Amino acid sequence: MRTVEPFTSHAELRRERILATVDSIPRGRVSTYGRIAAEAGLGRGARQVGAALRNLPSGRGVPWHRVLNATGKSSVDAAAGVARQRALLEAEGVVFSASGRVDLKRFGWPD
DNA sequence: CTCGTGACTTTGT
DNA sequence: TACAAAGCCACGA
């Protein structure tokens with residue numbers, strides 16, 4: 001069969017690379033929007049990473065919860081969302097400080 | 001082309 | 001540690 005790539009916009013390719021990178025974060029580790037952007041070859045496109053995760057197609061199994069901001073905190077707005085993200089990470093062994101932050105020196109990825 | 005927006009980041013108090 | 005301001009970047013009105 002001829003994998004005829006029916007039209008893949010530049011924006012779509014970029015999004016795929018972002019999701020692929022997020023998907024490569026090991027279980028029990030976390031990364032940041034900025035790092036993901038760099039890893040995916042977006043330079044300073046941290047906000048683009050956030051945008052990609054914001055409208056995630058449910059059920060694709062992307063470990064969105066392993067992405068935190070540069071200070072090690074959740075950037076998800078709704079309190080319920082923050083709690084869900086934290087629960088998922090704690091279930092993998094990630095530890096949160098009293099101020100609700102994750103030590104990136106210890107759980108950050110890539111090392 | 002200019003403006004406003006946003007799961008961001010860096011810098012300066 | 002916390003907050004504000006400015007920087008940054010793709011998008012869409």
Side-chain angles (χ1 to χ4, degrees):
Chain A
M1 59 169 212
R2 245 170 82 43
T3 51
V4 191
E5 304 287 299
F7 209 79
T8 315
S9 72
H10 186 178
E12 292 174 329
L13 287 176
R14 202 167 50 220
R15 194 170 72 78
E16 286 310 309
R17 288 170 51 173
I18 290 174
L19 297 185
T21 304
V22 171
D23 201 47
S24 68
I25 304 174
R27 186 187 160 72
R29 307 293 299 286
V30 300
S31 193
T32 68
Y33 298 92
R35 284 188 183 184
I36 295 299
E39 283 286 307
L42 301 186
R44 296 175 180 64
R47 312 189 78 125
Q48 282 45 259
V49 173
L53 294 183
R54 183 166 45 120
N55 84 87
L56 253 185
S58 66
R60 209 190 139 174
V62 180
W64 60 271
H65 59 284
R66 308 213 254 250
V67 183
L68 301 171
N69 63 34
T71 71
K73 280 177 46 174
S74 171
S75 277
V76 177
D77 47 10
V82 177
R84 189 163 69 257
Q85 176 167 36
R86 175 170 178 158
L88 288 170
L89 287 176
E90 295 186 315
E92 304 184 346
V94 176
V95 180
F96 281 74
S97 70
S99 54
R101 258 196 295 278
V102 171
D103 182 0
L104 297 177
K105 291 297 179 190
R106 185 175 158 193
F107 298 100
W109 181 89
D111 312 272

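Chain identifiers are assigned alphabetically (A, B, ...) following the order of the sequence lines, protein sequences preceding nucleic acid strands; residue numbering begins at 1 within each chain. Worth saying up front: this structure is predicted, and the values here are computed from it rather than measured.
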Practice problem: Please check the phosphate of dA7(B) (OP1 and OP2 only) for any side-chain N or O of R66(A) closer than 4.0 Å. | Solution: no
Practice problem: Could you check how far CD of E39(A) sits from C1' of dT9(B), rounded to whole Å? | Solution: 17 Å
Quiz item: For the pair made of CZ in R54(A) and C1' in dG12(C), what is the distance, rounded to whole Å?
Solution: 12 Å
Quiz item: Rounded to whole angstrom units, what separation is found between the CD atom of Q48(A) and the P atom of dA7(B)?
Solution: 12 Å
Quiz item: Considering all heavy atoms of both residues, which atom of I36(A) and which atom of S31(A) are nearest to each other, and what is their separation?
Solution: CD1-OG, 3.6 Å
Quiz item: From dA7(B), dA10(C), dT9(B), pick the nucleotide closest to the side chain of S75(A)?
Solution: dA7(B)
Quiz prompt | Protein-nucleotide distance (R15(A), atom CZ; dA7(B), atom P), rounded to Å | solution = 16 Å
Quiz item: How would you label the contact of A52(A) with the nucleic acid (heavy atoms, under 4.0 Å): base, sugar-phosphate, or nothing?
Solution: nothing
Exercise. Using whole Å, report how far CD1 of I36(A) lies from C1' of dT9(B).
Key: 15 Å
Practice problem: Using the C1' atom on both, measure dA7(B) against dA13(C) and round to a whole Å. | Solution: 23 Å
Practice problem: Can you figure out which of dG6(B), dA7(B), dC11(C) approaches the side chain of Y33(A) most closely? | Solution: dA7(B)
Practice problem: Mind checking A51(A) for me? I need base, sugar-phosphate or nothing, with any heavy atom below 4.0 Å counting as a touch. | Solution: nothing
Self-check item: Nearest-angstrom distance from the residue atom CG of D77(A) to P of dT5(B)
Solution: 16 Å
Quiz prompt | Short side-chain donor-acceptor distance under 3.5 Å, S74(A) and Q85(A) | solution = yes
Quiz prompt | Carboxylate-amine/guanidinium contact E39(A) R35(A), below 4.0 Å | solution = no
Quiz item: Is a donor-acceptor contact shorter than 3.5 angstrom present between the side chain of R47(A) and the base of dC8(B)?
Solution: yes
Self-check item: Separation of R27(A) CZ from R66(A) CZ (nearest 0.5 Å)
Solution: 7.0 Å
Exercise. Could you check how far CG of L19(A) sits from P of dA7(B), rounded to whole Å?
Key: 16 Å
Quiz item: Under 4.0 Å between a side-chain N or O of R101(A) and OP1 or OP2 of dT1(C)?
Solution: yes
Practice problem: Using atom CD1 of I18(A) as one end and atom C1' of dA10(C) as the other, report the distance to the nearest whole Å. | Solution: 10 Å
Quiz item: Any donor-acceptor pair under 3.5 Å linking the side chain of R17(A) with the backbone of A40(A)?
Solution: yes
Quiz prompt | Closest-nucleotide 5' rank along DNA chain B - winner of W64(A) and T71(A) | solution = W64(A)
Quiz prompt | R44(A) side chain near dC8(C) phosphate (N/O to OP1/OP2, under 4.0 Å) | solution = no
